Amino acid sequence: RYISIAGVEDGWKVISKMQVRGAPAIAIVGCLSLAVEIYNETFITKQMFKQEIEGKLNYLVSARPTAVNMKLAADDLIGMVNDWVEKSVISVTEIKERFIHEIEAMLEKDISNNMAIGTFGAERILKDVPSGSSLQLLTHCNTGSLATAGYGTALGVIRKIFDQNRLEHVFCTETRPYNQGARLTAYEFVHDKIPATLVLDSMVASLFKSRKIAAVVVGADRVASNGDTANKIGTYQIAVVAKHHAVPFYVAAPSTSIDFEISEGDRIEIEQRPDREMTHIGEHRIAAPGIRCWNPAFDVTPANLITGIITEKGVFAPNDIRKLLELQ
């Protein structure tokens with residue numbers, strides 16, 4: 001369903017309630033909610049505009065703290081406005097127009113980044129497969145058009161392999177407790193007529209034992225500078241099982257998901273979600289009343305379990321992602 005967002009308060013709520021999710025989509029929706037809010041506002045001074053957008057961007061960052069894209073987008077936009085205010089002779093009206101244009105450009109840039117991620121990821125995975133043969137993949141959570149501006153990151157890689165007629169089958173986990181895999185990824189596969197099968201999170205080890213899985217491709221909400229990766233809860237255990245079965249494990253994410261200010265995964269803030277996501281399905285309670293719950297939204301996969309990190313700039317070994325700073 002479609003949800004109208006009239007301003008920052010609406011943007012914060014849909015992000016916090018996970019009515020929109022996925023690190024790239026969080027940043028885009030958050031920033032667009034601010035663009036919508038200020039579109040018809042009149043600002044008398046540049047300083048007034050600067051204070052308004054700083055406060056509201058920092059508020060949006062607080063909605064889902066683990067996903068770094070919103071924070072980086074906020075920092076970039078605040079930096080640009082500060083520069084325009086302090087060094088430029090342009091008017092406050094022109095500053096507002098430029099600001100909105102920069103946010104609108106995020107949509108197009110995200111789609112082009114995703115297409116590049118799909119190309120680089122497909123090339124890397126297919127390189128290890130006999131020429132002309134098809135392969136089976138596994139993905140976790142949702143990383144497609146419903147988590148980005150379009151096409152997707154990890155799902156973008158899968159779509160590219162499918163477009164090249166090299167995909168035999170893809171398996172997607174249900175992704176408890178919020179079921180993004182069952183509700184969203186499965187929807188995208190059915191919509192695009194991609195051959196896919198839904199499996200429970202607890203079936204992954206048996207799947208690796210019974211099927212020839214060529215690779216695992218997942219997304220990321222934040223990557224530390226050493227390659228440790230925070231992603232949807234359950235990713236870490238899939239990486240451990242993949243390592244045991246010698247299945248390559250890839251993380252697909254735009255460079256905006258890499259936080260070079262964080263040295264390692266243990267320093268990434270992990271969001272804790274409400275107990276109700278575990279104890280209820282809709283209004284129906286499925287867990288015993290009185291039971292305590294632990295519901296982290298993400299876990300951290302150590303860099304030594306990751307084969308490669310697929311970005312719009314290419315595929316990097318986890319310990320080489322600092323090369324992205326040179327490319328930027």
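Computed from a predicted model, the values in this text were never measured in an experiment.
- In this structure, D228 contributes its side chain and A224 its backbone to no donor-acceptor pair below 3.5 Å.
- In this view, Y59 and W12 satisfy the ring-ring contact (aromatic ring centres under 6.0 Å, His included) rule, not counting sequence neighbours.
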For residues 232-251, dump all side-chain donor-acceptor pairs below 3.5 Å to protein atoms at least two apart in sequence or in another chain.
unit_1, atom_1, unit_2, atom_2, d
K232, NZ, A297, O, 3.4
T235, OG1, N231, ND2, 2.9
T235, OG1, K232, O, 2.6
K243, NZ, N304, O, 3.3

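- Between atom CD1 of residue I158 and atom CG of residue L155 there is a gap of 5.0 Å, rounded to the nearest 0.5 Å.
- Within the cation-pi definition used here (under 6.0 Å to the ring centroid, within 45° of the axis), R183 qualifies as a partner of Y178.
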Exercise answer: donor-acceptor pairs, residues 68-79 side-chain atoms, under 3.5 Å, sequence neighbours excluded:
unit_1, atom_1, unit_2, atom_2, d
N69, OD1, S257, OG, 3.1
N69, ND2, T256, OG1, 3.1
N69, ND2, S257, OG, 3.2
K71, NZ, D75, OD2, 3.0

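- Remark: V92 engages F43, K46, F49 in a side-chain contact (heavy atoms from CB on, under 4.5 Å) (not counting sequence neighbours).
- A side chain to side chain donor-acceptor pair (under 3.5 Å) check over residues 19-37, counting only residues at least two apart or in different chains, returns the pairs R21-N142, E37-K56.
- Among pairs with a residue in residues 209-223, those fulfilling side chain to side chain donor-acceptor pair (under 3.5 Å) read R222-D259, at least two apart in sequence or across chains.
- Counting only residues at least two apart or in different chains, salt bridge (Lys or Arg N to Asp or Glu O under 4.0 Å) contacts with residues 88-104 are absent.
- For residues 153-182, the set of pairs meeting the salt bridge (Lys or Arg N to Asp or Glu O under 4.0 Å) definition, not counting sequence neighbours, comprises R159-E188, R159-D192.
- By the side-chain hydrogen bond (donor to acceptor under 3.5 Å, both in side chains) test, T153 pairs with no residue at all, sequence neighbours left out.
- Evaluation of the salt bridge (Lys or Arg N to Asp or Glu O under 4.0 Å) test over residues 302-326, restricted to residues two or more places apart or in two chains, returns D320-K323.
- By the side-chain hydrogen bond (donor to acceptor under 3.5 Å, both in side chains) test, S202 is found to be paired with no residue, residues two or more places apart in sequence or in another chain being considered.
- For T139, the side-chain hydrogen bond (donor to acceptor under 3.5 Å, both in side chains) criterion is met by no residue, not counting sequence neighbours.
- A side-chain donor-acceptor contact under 3.5 Å links T173 and T175.
- Separation of the F171 and H169 ring centroids falls under the 6.0 Å cut-off.
- Here R124 contributes atom CZ and I309 contributes atom CD1; the two are 11.0 Å apart, rounded to the nearest 0.5 Å.
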